[in-house]
Amino acid sequence: MSLSRLQRFRARFESEGIAGLVDRRSRAVSRPTGRVDPRVVAALEQVVAAQTERSTVSGEVLRHRMERVLEADHGRDAVSLLSRATFYRLLSAVSGAVTLWVRPTRADRWPSVLRACSGC
């Protein structure tokens, strides 16, 4: 252990007591939305709340609506937009009960009789 590290431990012990020696990473509290800009979270919550009682839409539709809300509230390019993957992670954290339209897979398009006979 280096001298500077030992000095930091001692200083924390003197200022905080035994709690100052606890690993700080275990004290960190993570939010369900991660480190996403709160303005983006608020815009997405607004869009999801408006969509809750309406028909099912795709995630991309919600993403475009969120971008329009951000542009209207904060101006163009004032808030950095999320990547597609981050948007969908945030959407699942925020939405909960909103039903999204999901494109059917190829297997869903075929009649069940053909799926049962796929090895024939």
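The first residue of the sequence shown is numbered 1, and numbering continues consecutively from there. Worth saying up front: this structure is predicted, and the values here are computed from it rather than measured.
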- Message: In the structure I gave you, are the side-chain heavy atoms of Arg84 and Glu60 within less than 4.5 Å of one another anywhere?
- Response: yes
- same_hphob_cluster(Leu21, Leu3) at 4.5 Å side-chain heavy-atom cutoff: no
- Note on the structure: In this structure, OH of Tyr88 is separated from CG of Leu82 (nearest 0.5 Å) by 12.0 Å
Sequence neighbours left out, cut at 3.5 Å: what donor-acceptor pairs do the side chains of residues 32-41 make with other protein atoms?
from, atom 1, to, atom 2, distance (Å)
Asp37, OD1, Arg39, N, 3.0
Asp37, OD1, Arg39, NE, 3.4
Asp37, OD2, Arg39, NE, 3.2
Asp37, OD2, Arg39, NH2, 2.8

- Glu67 side, atom CD; Glu71 side, atom CD - distance, nearest 0.5 Å: 9.0 Å
- Under the side-chain contact (heavy atoms from CB on, under 4.5 Å) rule, collect the residues that match up with Arg89, sequence neighbours excluded. Ala85, Thr86
- Query: Does any non-hydrogen side-chain atom of Arg5 lie less than 4.5 Å from one of Arg8?
  - Reply: yes
- Task: Write down the atom of Leu91, the atom of Gly59, and the distance for their closest heavy-atom approach.
- Result: CD2-CA, 4.4 Å
- Message: I need the Met1 CE to Phe9 CZ distance, nearest 0.5 Å.
- Response: 5.0 Å
- Please tell me if the side chains of Val79 and Asp73 come closer than 4.5 Å, counting only heavy atoms from C-beta onward. no
